Amino acid sequence: MKATAPPAKRRRGPRLAVLALVFCSLLVPIAFLFNRFPAVYVTDERPEQEVILPERHSVVVNEMKQPGRSDAKPDTQDAPVKISKIDNVPSRVITKPEVLPPPAIERAKQIPVPVPVPVPVQHRNGSTSNVNIRPPRVPSADELEKAKACQLEFGSYCLWSIEHKEVMKDAIVKILKDQLFVARSYYPSIAKLKGKEALTRELKQNIQDHERVLSESIVDADLPSFIKKKIEKMHQAIARAKSCTVDCNNVDKKLRQILHMTDDEAHFHMKQSAYLYNLGVHTMPKSHHCLNMRLTVEYFKSTTLDSDDSPVHKFNDPDNRHYVILSKNVLAASVVINSSVSSSEETRNVVFHVLTDAQNFYAMRHWFLRNTYRESAVNVINYEHIILENLPEFSMQQLYMPEEFRVFISSFEHPTEKSRMEYLSVFSHSHFFIPEIFKDLKKVIVLDDDVIVQRDLSFLWNLDMGDKVNAAVKFCGLRMGQLRNLLGEATYDPQSCAWMSGLNVINLEKWREYNVTENYLQLLEKFRNNDDEASLRAAALPISFLSFQNLIYPLDERLTLSGLGYQYGIEEEIVRTSTSLHYNGNMKPWLELGIPNYRKYWKRFLARDERFMDECNVSP
């Protein structure tokens, strides 16, 4: 007989490696979704108080009492719209602006300001666009107050869930659940009593019947016809159980156990809901992806539009008014441009430079070749290509959008008050290469792609910024001293206010004179812990603040109304009459999850009668 070889040993290494890869592939998307907006917690500026740096680039923050300021409460008329002490609402000024308002804004206090009518986007085929606005539902103040408790864990999902909350209309199902909870709490105590065997069996049978019915029916319409008899039988059994002498502590203990189990189950479902919410706000809608693909394909199929004479002579003329927009979203960029020209009295010398990435460049270019915006010129630039070709020494070749950080602020002086959440938008790494891209220009206005303009911004071009580089709206609810753990040993003024991106006037000549880009690169090496994406994005917050230390020119707070991407309850009159609206936060207006009460203002400037939008079911 031939000797048989022993069976080969199974190697477990490859199997374990495959399992590890599958597990990591599940964790990475979840980690990305919940890290989309790095959380920042801020603490009071006290010598004995340390700022703890937990996971996910979080910092804990408490309010600093500003020197020279009283603790007087704001007027009661501010209460309906005031969600927190940080108030970016134009007519609610918390800290006195360091500069007088521009004349155009000052006159707005005295005379009514007409809301700009959206300029119909002129398509190459001659069609125009119109607008329809639908009044949405606004959550109550009580609902908003309840939502603050869960914002630390789930962020703006809590506010969104209140907006879309549905009142339970199935009263019979609710009665069944209530009876089931009460019966379960009494059953253990009744089962221990002697002589109550019949009642124990009856309670047990009724509990099983209710569980069976509820497992098959979730609304009243699904309930069987005999359900009223079941309810009456359970009611009588509970009444007999309550008449028995039982240990109330045991009943109370059981009720608490059921309550805790219910809370755990509700929290589990809330986590699932929050995950799906984050998936929705951080994923490009299918219709938008379709639009990008259709525009890209059409760009390569069509040669007539691309051969049109572009006003290249306007692009590098420093005497023109240049606006810079960083965007990967065709519709968002078009709305910013359309709202700006709709609000401008003169557009012949207006030039928009749209910086986008290689993936969206052709779609963006084809869109702005098909559509014109009065007499303004639009220059679409492939950011990644121009950095690679003209600035190869810079490693930041990827286009980064403006960074947004969730800031949780609590107060030592009022410890009973719950922490409030704000979204702070700052410059990304790509902003610091704007002077290198536009070497011939002297001044630009930088607009985020989640901003719309409702009034003429021409007065900003006559703004005398002195030796300052960046004109921005300050955010004095957060000060540099509160971020000392993030800023490290750098030199800074602890009382200096944070500032917001969204609408910024940039003096490029002063930028180059003060070597802001070079200072940024040095700070990047200091604050960048490693080469991963999360570390790079988290470094944008301290780098932006330190790069423009003592170089910020404060714009009037009434120039921009921020918070429309997460704050509910702002008065419609304030939104309607604001100079510009900033949808900072994760409920962007182009998403179905956007806040309806503010989303309608963004939709007013959305192009209509666009063939590709109709084909991709992009709903205006």
Side-chain angles (χ1 to χ4, degrees), residues 136-140 142-147 149-150 154 157-277 279-280 592-593 596:
R137 169 189 176 272
V138 178
S140 65
D142 182 60
E143 289 176 323
L144 294 175
E145 196 64 31
K146 291 179 180 178
C150 69
F154 298 113
Y157 160 75
C158 304
L159 298 174
W160 175 86
S161 63
I162 287 178
E163 170 70 14
H164 297 81
K165 179 180 178 181
E166 295 184 3
V167 180
M168 184 175 180
K169 300 178 181 179
D170 302 289
I172 300 178
V173 171
K174 187 177 183 301
I175 292 174
L176 289 172
K177 291 181 177 180
D178 291 343
Q179 286 186 335
L180 184 60
F181 291 154
V182 175
R184 283 174 175 173
S185 64
Y186 273 95
Y187 176 77
S189 299
I190 298 298
K192 296 178 182 179
L193 297 179
K194 293 182 179 181
K196 299 297 181 181
E197 289 79 8
L199 179 57
T200 300
R201 288 193 299 270
E202 184 178 355
L203 273 176
K204 183 178 180 180
Q205 183 63 43
N206 288 333
I207 290 174
Q208 292 175 347
D209 291 344
H210 272 47
E211 289 176 342
R212 189 180 304 108
V213 170
L214 291 174
S215 68
E216 299 173 354
S217 308
I218 58 175
V219 295
D220 288 356
D222 298 335
L223 294 172
S225 57
F226 55 83
I227 193 61
K228 292 184 178 180
K229 295 181 179 179
K230 295 285 185 183
I231 293 176
E232 181 61 27
K233 287 179 61 178
M234 176 66 89
H235 177 72
Q236 294 176 0
I238 292 175
R240 290 168 56 193
K242 289 181 178 180
S243 64
C244 297
T245 304
V246 296
D247 189 350
C248 293
N249 292 330
N250 292 337
V251 177
D252 178 72
K253 182 179 179 180
K254 189 61 179 179
L255 276 173
R256 291 182 184 276
Q257 289 177 352
I258 296 174
L259 177 62
H260 292 159
M261 290 174 59
T262 306
D263 287 342
D264 291 342
E265 185 179 357
H267 193 263
F268 171 77
H269 289 297
M270 184 175 288
K271 278 186 175 181
Q272 286 186 323
S273 250
Y275 171 80
L276 295 175
Y277 167 82
L279 187 65
E592 289 296 329
L593 296 174

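Not measured: the values here are computed from a predicted model.
With hydrogens and angles ignored, the 3.5 Å screen pairs no side-chain donor or acceptor of S217 with any backbone N or O of L214. Using a distance-only test at 3.5 Å, with no hydrogens or angles considered, a donor-acceptor pair links the side chain of D220 to the main chain of V173.
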query = Could you go step by step and tell me if L199 and L193 meet the side-chain contact (heavy atoms from CB on, under 4.5 Å) rule?
reply = CA-CA 10 Å; L199 179 57; L193 297 179; over 6 Å; no

query = I190 and C244: side-chain contact (heavy atoms from CB on, under 4.5 Å), yes or no, with the steps?
reply = CA-CA 8 Å; I190 298 298; C244 297; 4.0 Å; yes

task = Step by step, work out the salt bridge (charged side-chain N to carboxylate O under 4.0 Å, His left out) result for E202 and K233.
result = CA-CA 9 Å; E202 184 178 355; K233 287 179 61 178; over 6 Å; no

request  = Please assess L203 against R240 for the test side-chain contact (heavy atoms from CB on, under 4.5 Å), listing each intermediate value before the final yes or no.
outcome  = CA-CA 10 Å; L203 273 176; R240 290 168 56 193; over 6 Å; no

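From I227, atom CD1 reaches atom CD1 of I172 across 8.0 Å, with rounding to the nearest 0.5 Å. In this structure, the separation between OH on Y277 and CG on L593 is 6.5 Å, given to the nearest 0.5 Å. Interatomic distance, CG of N206 versus CD of Q236, reported as 9.5 Å (0.5 Å rounding). Rounding to the nearest 0.5 Å gives a distance of 5.5 Å between OH of Y186 and NZ of K242. Atoms CD1 and CG, from I231 and D209 in turn, are 12.0 Å apart once rounded to the nearest 0.5 Å. Taken from NZ in K228 to CD1 in I175, the straight-line distance is 10.0 Å, to the nearest 0.5 Å.
In terms of heavy atoms, S215 sits closest to R212 at OG-O, 2.6 Å.
For R184 and E211, the salt-bridge test passes: some basic side-chain N is under 4.0 Å from an acidic carboxylate O.
A donor atom on one side chain and an acceptor atom on the other are not found under 3.5 Å apart for H235 and Q179.
Every residue meeting the salt bridge (Lys or Arg N to Asp or Glu O under 4.0 Å) condition with D178, not counting sequence neighbours, appears here in chain and number order: K174.
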